[in-house]
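So the structure is just underneath, and the comments pick up after that.
As the structure lists them, so they are numbered: ligands from 1, and atoms in each ligand from 1. All heavy atoms count here, side chains included; hydrogens, waters and symmetry mates do not.
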Amino acid sequence: MNKPEGLESTTHLLLMPPQEGVLLVQLNRPEARNALTTELLIQLAEVLDQASLNEEISAVVITGGEKVFAAGADLKQMASLDMVGVLNDTRPAIWQKIACFPKPLIAAVNGFALGGGCELAMHADIIIAGDNAKFGQPEINLAIIPGAGGTQRLIRTVGKSLAMKMVLSGEFISAEEARQSGLVAEVTSPEDSVSRAIDLARVIAAKSPLAIQQAKDVLLNAFETHLDVGLQYERKAFTVLAATEDRNEGINAFLEKRKPDFKGR
Ligand code: HXC
């Protein structure tokens with residue numbers, strides 16, 4: 001299959017042609033352990049932007065290397081920024097674009113996901129981890145703190161005590177600890193993490209894209225709001241979906257004992 005326009009591999013990202021609605025993106029800076037330069041983040045945000053517009057793509061899987069998912073912000077680049085440089089840094093805006101990707105994003109993590117690497121994994125909606133994965137926010141060892149959501153997303157995901165332990169000590173947690181704490185959905189063998197993430201993405205890609213996007217939006221909104229407002233938001237999305245052809249198709253297909261054929265309308 002030809003790659004859809006705008007979805008070519010870049011200097012820091014390898015893209016596999018989408019199959020069954022799933023695009024696989026691999027971070028590709030092995031010489032620097034997939035450290036996240038501004039260029040890499042820009043390329044990732046652009047790929048996700050293209051994927052969001054592309055009807056052939058219903059979900060994206062992001063992965064890194066066998067031993068390192070991503071070693072965090074590129075420290076060589078970071079070393080060159082003084083306080084004003086950090087103040088004017090474009091990276092927060094790039095992270096924001098990644099966070100706003102409206103389709104499901106699944107991270108398949110093998111090896112180290114550290115600092116910005118752990119934060120990138122937490123930008124995914126679902127994390128599948130190889131049993132060799134290590135998650136950590138070791139910024140404290142550099143006399144800095146996480147700067148791409150690592151404090152906020154971690155505490156909301158794993159709770160106060162574990163988030164404090166990770167951020168204040170810099171200690172890593174294993175894939176299994178990450179699963180037990182809710183950071184990771186499933187642990188597989190390292191060889192199977194990408195294929196499991198793709199299989200899961202295909203399951204999701206077969207659903208109505210309208211319902212999937214509403215579900216993602218409403219779920220993420222739970223981090224932003226009070227329960228009563230979140231419940232109203234959920235109800236509004238539920239109501240909007242009642243006006244879609246896909247909703248009628250889904251219910252009719254069940255009643256007629258056949259597979260639904262969703263059109264995204
Ligand atoms: C730049 C990095 C890097 C990084 C590794 N490298 N991590 N370059 N930024 N974050 C480079 C090394 O300098 C080295 O380059 C090469 O990659 C191989 O690194 P090694 O350490 O020899 O590899 P290895 O023994 O396999 O260990 C892998 C590792 C370790 C455990 C991931 O590299 C590591 O601990 N990295 C730093 C992790 C970290 O502190 N991350 C937090 C960053 S701060 P040369 O040229 O010598 O071959 C952060 C803040 C986020 O993320 C803020 C918002 C984004």
- Note on the structure: At a 4.0 angstrom heavy-atom cut-off, ligand 1 is contacted by E31, A32, R33, A35, A71, G72, A73, D74, L75, K76, M78, W95, F112, L114, G115, G116, E119, P138, E139, L142, G147, A148
- Query: Pick one: which of V86, L87, N88 meets side-chain contact (heavy atoms from CB on, under 4.5 Å) with L81?
  - Reply: V86
- Item | Non-hydrogen atoms of V61 and A108 that approach each other most closely | CG1-CB, 4.4 Å
Show me the donor-acceptor pairs, under 3.5 Å and distance only, between side chains in residues 226-234 and residues at least two apart or in other chains.
from	atom 1	to	atom 2	distance (Å)
Y233	OH	D217	OD2	2.5

- Task: For the residue pair D125 and L219, establish whether any side-chain heavy-atom pair is separated by less than 4.5 Å.
- Result: no
- Is I140 close to V167 at the side-chain level, that is, under 4.5 Å between some pair of heavy atoms? no
- Task: May I ask you to check whether Q77 and E39 show a side-chain donor-acceptor distance below 3.5 Å?
- Result: yes
